[in-house]
Number of protein chains: 2
Amino acid sequence: MTDGVVERVRPRDRILETARDMFHKHGIRGVGIDAITEAAGTNKMTLYRHFESKDDLIIECLRATACSANAMWEKFEAENPGDKLAQLHAWVRMAADCLMSDRRGCDMANAAIELSEADHPARQVIKELKEAQRERLVSLCRDAGIGQAELLADTLSLLLEGARVSLQSVGAEGPSAQFVRMAEGLITSFRAR
Amino acid sequence: MTDGVVERVRPRDRILETARDMFHKHGIRGVGIDAITEAAGTNKMTLYRHFESKDDLIIECLRATACSANAMWEKFEAENPGDKLAQLHAWVRMAADCLMSDRRGCDMANAAIELSEADHPARQVIKELKEAQRERLVSLCRDAGIGQAELLADTLSLLLEGARVSLQSVGAEGPSAQFVRMAEGLITSFRAR
DNA sequence: CTCTAAAGTTACAGACCGGTAACACCCTAG
DNA sequence: CTAGGGTGTTACCGGTCTGTAACTTTAGAG
């Protein structure tokens with residue numbers, strides 16, 4: 001194993017990738033195990049050999065999503081090394097691209113809404129991952145020299161979260177269309193203080 | 001019928017009210033017809049005599065929610081007749097109360113996320129009702145003498161929507177805790193332009 | 001009181017769900 | 001070649017879901 005050469009994608013990764021995509025598109029409660037395994041070109045037994053339960057699979061999907069998000073943060077730093085303000089603008093641009101290219105919003109927020117049970121095992125994971133993202137944005141704002149860094153970061157967070165939800169309920173012509181203007185205006189306003 | 005005196009609550013209304021409450025607390029896909037009828041003190045047949053299907057019931061629940069929201073707008077006008085700026089501040093206060101007293105957010109937004117099928121019959125209803133609410137807030141901002149009324153209204157909309165979602169994913173100590181500060185700051189800022 | 005419409009009861013259909021058991025297969029490391 | 005772990009196949013369990021049929025009971029209008 002770990003041959004190094006080409007190496008077909010292992011079932012576990014295929015399942016994880018397929019599940020992420022289907023959970024994102026149709027919601028967690030809207031996709032069954034059978035549908036996932038079939039789309040992943042495998043079967044139910046193999047899935048349950050790699051994941052304890054559907055809940056476990058859900059959690060792994062969320063972790064994978066957080067991992068992708070982290071990769072984006074590293075891209076900000078790589079493309080604008082040291083220039084934290086430029087990275088903040090890059091964050092806004094990335095968020096806007098996200099809003100335009102995808103109508104189904106944030107997987108974690110959607111999961112938090114779908115998994116309404118207060119003690120669902122995924123809830124704790126969602127909270128942790130969201131808090132980590134919040135901390136990153138706060139740090140970015142602070143390092144960009146913004147005075148009220150926490151307040152700006154939280155405002156931008158809520159704006160994006162709201163835009164992603166509004167996109168799903170009102171559509172692309174709704175309030176979310178103004179996201180960039182709002183975000184850039186806020187940054188300008190906070191910089192002037 | 002329509003006796004005028006006391007009159008027990010009719011099954012249809014009991015079902016509607018119970019369904020609204022349960023959909024809100026546990027999500028649409030998380031509540032079954034049996035659970036609703038049992039909690040409403042009635043039975044499945046009676047439900048299906050009053051509502052064509054679960055989807056129909058969902059839509060009626062959303063309409064009822066929108067109706068409650070309208071009642072709140074009228075309260076704003078009644079308590080601050082003519083004073084549109086005071087009504088805008090009342091809106092902020094109401095939103096904040098909503099955030100503190102309830103952790104499950106907006107029924108329409110939650111429904112839009114849960115009902116991921118792009119052609120679900122409830123989606124059109126959600127869009128219409130959300131657009132109506134947007135129009136009300138825009139009008140309020142305009143009548144309050146705000147220059148860029150649309151932009152302020154849309155920003156406040158997204159902030160509230162985001163706060164409601166963030167409340168569910170990060171919790172009450174997250175960014176949503178700063179909602180009032182953000183909203184009031186925005187109003188002040190827009191008034192100064 | 002009687003007649004009728006609304007509401008309750010029971011049973012069921014048909015589909016889907018998450019999860020498991022038992023067994024056959026194949027591919028590769030040794 | 002061989003042994004064994006990962007994978008595929010089939011069948012199944014018990015539960016839940018929306019929705020319907022047929023029948024009985026109740027309550028209010030005249």
Side-chain angles (χ1 to χ4, degrees), chain A residues 1-20 22-23 25-62 111 114-117 119-123, chain B residues 1-20 22-23 25-62 111 114-117 119-123:
Chain A
M1 63 189 75
T2 65
D3 201 2
V5 270
V6 198
E7 183 186 74
R8 259 197 3 259
V9 182
R10 294 212 149 287
R12 185 181 196 279
D13 298 325
R14 263 159 39 210
I15 291 171
L16 203 59
E17 211 54 31
T18 308
R20 271 185 71 185
M22 297 185 75
F23 284 154
K25 283 183 186 149
H26 310 110
I28 290 173
R29 292 211 249 223
V31 175
I33 297 292
D34 293 292
I36 293 172
T37 54
E38 192 190 333
T42 177
N43 56 78
K44 211 170 357 181
M45 274 315 299
T46 300
L47 187 148
Y48 279 105
R49 285 187 193 110
H50 288 290
F51 303 95
E52 282 187 4
S53 61
K54 186 181 181 181
D55 284 347
D56 184 36
L57 175 61
I58 291 167
I59 290 173
E60 291 305 312
C61 284
L62 293 176
E114 274 200 280
L115 307 175
S116 51
E117 307 100 313
D119 60 344
H120 193 286
R123 294 201 137 268
Chain B
M1 62 191 75
T2 65
D3 200 2
V5 270
V6 197
E7 183 185 76
R8 260 199 2 261
V9 183
R10 295 213 149 286
R12 185 181 196 279
D13 299 325
R14 262 158 39 210
I15 292 171
L16 203 59
E17 211 53 31
T18 309
R20 271 185 70 185
M22 297 186 74
F23 284 154
K25 281 181 187 151
H26 310 110
I28 290 173
R29 293 210 246 222
V31 176
I33 296 293
D34 291 294
I36 294 171
T37 55
E38 191 190 334
T42 178
N43 57 79
K44 209 170 0 181
M45 274 315 299
T46 299
L47 186 148
Y48 279 106
R49 285 187 193 109
H50 288 291
F51 304 94
E52 283 186 4
S53 61
K54 186 180 182 181
D55 284 346
D56 184 36
L57 175 62
I58 292 167
I59 290 174
E60 290 306 312
C61 283
L62 293 176
E114 273 200 280
L115 308 174
S116 51
E117 306 100 312
D119 61 343
H120 193 287
R123 295 203 137 267

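Within every chain, numbering begins at 1; the chains are lettered A, B, ... in the order of the sequence lines, protein sequences first and strands thereafter.
- Taking five base pairs at each end of the helix from C:dC1-D:dG30 to C:dG30-D:dC1 and finding the rotation axis that steps the C1' atoms of four pairs onto the next four gives two axes whose angle is 10°, to the nearest 10°.
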In B/S/- notation, 5' to 3', how is nucleotides 8-23 of chain D contacted by protein heavy atoms closer than 4.0 Å?
BB--------BBBBB-

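- Among residues two or more places apart in sequence or in another chain, the side-chain hydrogen bond (donor to acceptor under 3.5 Å, both in side chains) test is passed with A:Asn43 by A:Thr46.
- Formation of a donor-acceptor pair under 3.5 Å by the A:Lys44 side chain with backbone atoms of A:Glu38 is not found in this model.
- Rounded to the nearest 0.5 Å, atoms SG (B:Cys61) and CZ (B:Phe51) are 7.0 Å apart.
- As a whole-Å value, the separation of B:Arg10 CZ from C:dA6 P is 9 Å.
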Please walk me through it: do B:Leu57 and B:Ile15 pass side-chain contact (heavy atoms from CB on, under 4.5 Å)?
CA-CA 9 Å; B:Leu57 175 62; B:Ile15 292 171; 4.3 Å; yes

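- The side chain of A:His50 places no N or O atom within less than 4.0 Å of a non-bridging phosphate oxygen (OP1 or OP2) of D:dG6.
- A:Asp13 places its CG atom 10 Å from the P atom of D:dT7, with the value rounded to the nearest Å.
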Evaluate A:Ile33 against A:Leu47 for side-chain contact (heavy atoms from CB on, under 4.5 Å), listing each step before the verdict.
CA-CA 8 Å; A:Ile33 297 292; A:Leu47 187 148; 4.1 Å; yes

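- In this model, the phosphate group of D:dG6 is not approached by any side-chain N or O of A:Arg12 to a distance below 4.0 Å at OP1 or OP2.
- Judged by distance alone, the side chain of B:Lys54 and the main-chain N or O of B:Ile28 form a donor-acceptor pair under 3.5 Å.
- Put simply, the side chain of B:Arg29 gets close to the backbone of B:Glu114: a donor and an acceptor are under 3.5 Å apart.
- If you measure from atom CD of A:Glu114 to atom P of C:dC17, you get 14 Å, rounded to the nearest angstrom.
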Does the side-chain contact (heavy atoms from CB on, under 4.5 Å) test come out yes or no for A:Arg123 and A:Asp119, once each step is laid out?
CA-CA 7 Å; A:Arg123 294 201 137 268; A:Asp119 60 344; over 6 Å; no

